[in-house]
Amino acid sequence: MTSPHDRLDQARQDYERHLRDCRQCEADGAKCPAAKHLRRLYNNQLRAV
């Protein structure tokens with residue numbers, strides 16, 4: 001079973017990895033819909049901790 005802190009860390013890593021690898025986020029300088037979704041998941045996990 002994963003702890004809330006593990007889920008928070010995983011959500012943060014997923015978001016940061018996406019920002020590093022996404023061509024759209026890098027090219028536009030604005031976050032793509034997938035990045036916004038991952039950030040929302042991270043924020044939800046942060047509130048749950």
Side-chain angles (χ1 to χ4, degrees):
M1 182 115 186
T2 59
S3 74
H5 292 288
D6 291 339
R7 288 190 298 270
L8 176 65
D9 193 45
Q10 183 63 48
R12 181 188 52 78
Q13 289 174 5
D14 291 344
Y15 176 69
E16 290 174 351
R17 185 177 312 116
H18 175 83
L19 291 180
R20 254 192 335 269
D21 298 339
C22 178
R23 287 182 269 154
Q24 183 178 349
C25 288
E26 185 177 322
D28 293 344
K31 307 300 184 257
C32 74
K36 291 177 183 177
H37 175 72
L38 290 169
R39 182 63 187 196
R40 222 173 359 259
L41 292 175
Y42 170 74
N43 287 339
N44 290 341
Q45 287 298 323
L46 187 59
R47 281 187 217 104
V49 170

Legend entry - Donor-acceptor side-chain pairing of Arg47 and Asn44 below 3.5 angstrom: yes
Legend entry - Asp9 and Gln13: side chain donor to acceptor below 3.5 Å: yes
Legend entry - Nearest-0.5 Å distance, NE2 of residue His18 to CD of residue Glu16: 12.5 Å
Inset, instruction - Nearest 0.5 Å please: distance from the CD atom of Gln10 over to the CG atom of Leu41. - result: 11.5 Å
Closest heavy-atom contact between [X] and [Y]?
| X | Y | value |
| --- | --- | --- |
| Cys25 | Cys32 | SG-N, 3.4 Å |
| Ala35 | Leu19 | CB-CD2, 4.1 Å |
| Asp14 | Leu38 | O-CD1, 3.9 Å |

Legend entry - Glu26 atom CD, over 12 foreign heavy atoms within 6.0 Å: no
Legend entry - Arg20 CZ: over 12 foreign heavy atoms closer than 6.0 Å: yes
Legend entry - Sub-4.5 Å side-chain heavy-atom contact between Lys31 and Tyr15: yes
Inset, instruction - For the pair Arg7 (side chain) and Gln45 (backbone), establish whether a donor and an acceptor sit closer than 3.5 Å, ignoring hydrogens and angles. - result: no
